[in-house]
Amino acid sequence: MISPLDSYTQSMDELHFSDETKARMTERLRTAAAARAVEKGGQTGAPAAVPTMSARRPKRRMHRWARVAAGLALALALGGGGTVAVAAGVLPNPADVLSDVFGGAPAQTELLNEVGRPIGASCSSNGVTVTAEAVVGDQSNFTVVYDVQFDDPSVLEGIEPGGDGTLPLVADATRHVDGVSGGGGASRFYDADPGDGTIQYAETMGFTTWNGAGIIGRTMRFSMCEIRAYDAEAGYTTLVTGNWSLKFEMNYVDTTVDLPAGQKTTWQGADVTVDAVKASSVGVTVDYTIDRQIGNLGPTGKMTDESRTEVNAVTGLPVTVTFADGTTFDATNANTTAMEQDDGTSAVTKTVTYDRIVAARDIASVTVGDVEIPVSAA
């Protein structure tokens, strides 16, 4: 029987961003551009090898999906940040409910090759249209790719990608998934099909929810008001401003595998119990209880070296994912939340996306502290 992780990877097997895949991705984008020229009557020759979809979908959508798939690879390869959030408990946000009453229901998201594709999640402002194109993830981690289309493509002239394929752009953007209690990540701009007046914006994030139910099926609320360009000499300058707000369902195939839990270890002299370990095609989430609390951190934004040490003594438990080929991924610096409990312990959740998409057979183990947990035991 094919596992969900294997099925997922079979459908998106081009999203492993190795050096070889970089070359394949570049070649696919060249092929897509050539195929687009054929449609316009500007080139003849052998037919282009583009990904196939239902014949009822126009070719324009095929080319768009090709670049979105490439973008998911790029976003995952670049990875997310290590934002640490310490929460004392979070209640549901009433605005989550009121927004649906006064702002309309979120756009529905269909599955295409087991990846979520929001339907109609698009907004235009000041000559720029932002559209949610794809979302992929697990119970706690996700990558969303947005198309950013310019009515006047000349705005993008002179903006060239760096060595890692990203554009020197930054967005003033916020996002909120209903019910989350903390988390964070990273975002990148790139141009999957140069010259078409559209660039892509990808966010890779990890979140925890206040009731542990996960983020799948919840509503994403995304808002962006400015895009800035960076120049080494001039610094940041405004490229465009506007008001882009989208709302859509976080609907995609969950590839999570639950690993055995209950193991005991220690971290900096404190007892630790592994409460849960969840590995998926895109990331890992670890819950543990540690016999220690952070204590008083002092004024926000003015943490001392001592308070940082206290935080690390609770949230810094090492986590490493080992893949079948012997390579590893350090998940220690993950998006982390810690909640103090009445018995003097802290409940900690660490969640982070890998720098690749993998199959179940390609995850060998997850090591929490000094405890190695084989995925095959799940």
When you compare the side chain of [Y] with that of [X], does any pair of heavy atoms fall below 4.5 Å?
X: Val282; Y: Phe142; result: no
X: Arg228; Y: Asp172; result: yes
X: Phe150; Y: Leu156; result: yes
X: Thr266; Y: Val272; result: no
X: Arg221; Y: Asp178; result: yes
X: Tyr288; Y: Leu317; result: yes
X: Thr367; Y: Val319; result: no
X: Tyr252; Y: Ile215; result: yes

Output, in order, the C-alpha distance, side-chain angles, deciding distance and verdict of side chain to side chain contact (heavy atoms under 4.5 Å, CB included) for Glu203 and Phe222.
CA-CA 11 Å; Glu203 292 190 329; Phe222 172 82; 3.8 Å; yes
Separation of [Y] [atom2] from [X] [atom1] (nearest 0.5 Å):
X: Tyr201; Y: Thr131; atom1: OH; atom2: OG1; result: 15.0 Å
X: Gln263; Y: Asp275; atom1: CD; atom2: CG; result: 10.0 Å
X: Asp191; Y: Thr198; atom1: CG; atom2: OG1; result: 8.0 Å
X: Glu372; Y: Thr320; atom1: CD; atom2: OG1; result: 9.5 Å
X: Ser187; Y: Met224; atom1: OG; atom2: CE; result: 10.0 Å
X: Arg175; Y: Met205; atom1: CZ; atom2: CE; result: 4.0 Å

Non-hydrogen atoms of [X] and [Y] that approach each other most closely:
X: Ser280; Y: Ile363; value: O-CD1, 3.5 Å
X: Asn243; Y: Cys123; value: O-SG, 3.6 Å
X: Val274; Y: Ala261; value: O-CB, 3.6 Å
X: Thr315; Y: Lys350; value: O-NZ, 2.6 Å
X: Gly242; Y: Ser125; value: CA-OG, 3.4 Å
X: Gly369; Y: Thr265; value: CA-OG1, 4.4 Å

Please determine whether side-chain hydrogen bond (donor to acceptor under 3.5 Å, both in side chains) holds for the pair Thr273 and Lys264, giving the CA-CA distance in whole Å, both sets of side-chain angles, and the decisive distance to 0.1 Å.
CA-CA 5 Å; Thr273 300; Lys264 304 291 185 180; 2.8 Å; yes
Counting only N and O atoms by type, is there a donor-acceptor contact under 3.5 Å from the side chain of [X] to the main-chain atoms of [Y]?
X: Gln200; Y: Ala192; result: yes
X: Thr256; Y: Asp254; result: no
X: Gln293; Y: Gln341; result: yes
X: Trp267; Y: Asn312; result: yes

With sequence neighbours excluded, what pairs up with [X] under the side chain to side chain contact (heavy atoms under 4.5 Å, CB included) test?
X: Asp342; answer: none
X: Thr174; answer: Ser223
X: Asp152; answer: Ser154, Val155

Over 60° means perpendicular and under 30° means parallel, so classify the ring planes of Phe248 and Tyr146, tilted if in between.
perpendicular
Steps toward side-chain hydrogen bond (donor to acceptor under 3.5 Å, both in side chains) verdict (Thr219, Glu249)
CA-CA 5 Å; Thr219 297; Glu249 296 175 345; over 6 Å; no
Any salt bridge (charged side-chain N to carboxylate O under 4.0 Å, His left out) pairs touching residues 280-293, not counting sequence neighbours?
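Not a single pair qualifies under salt bridge (charged side-chain N to carboxylate O under 4.0 Å, His left out).
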Under the side chain to side chain contact (heavy atoms under 4.5 Å, CB included) criterion, do Thr238 and Glu226 qualify, and how do the steps go?
CA-CA 7 Å; Thr238 298; Glu226 182 181 26; 2.6 Å; yes
Check the pair Ile373 / Ser365 against side chain to side chain contact (heavy atoms under 4.5 Å, CB included), numbers first and verdict last.
CA-CA 5 Å; Ile373 309 172; Ser365 66; 5.9 Å; no
When you look at Ile294 and Glu340, which way does the side chain to side chain contact (heavy atoms under 4.5 Å, CB included) test go after all the steps?
CA-CA 8 Å; Ile294 294 175; Glu340 295 183 350; 4.2 Å; yes
Exactly one of Asp138, Asn141, Asn335 should register a side-chain hydrogen bond (donor to acceptor under 3.5 Å, both in side chains) with Thr351. Which one does?
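The option that passes is Asn141.
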Any ring-ring contact (aromatic ring centres under 6.0 Å, His included) involving residues 308-353? Give me the pairs, sequence neighbours left out, ordered by first then second residue.
Phe323-Tyr354, Phe329-Tyr354
ILVMFWY cluster, [X] and [Y] together (side-chain gap under 4.5 Å):
X: Val321; Y: Val371; value: yes
X: Val170; Y: Val144; value: no
X: Val286; Y: Val257; value: yes

For Thr332, enumerate each residue passing the side chain to side chain donor-acceptor pair (under 3.5 Å) test, keeping only those at least two apart in sequence or located in another chain.
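Residues passing side chain to side chain donor-acceptor pair (under 3.5 Å) with Thr332: Asp330.
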Above 12 or not: heavy atoms from other molecules or residues under 6.0 Å from CD of Glu306?
no
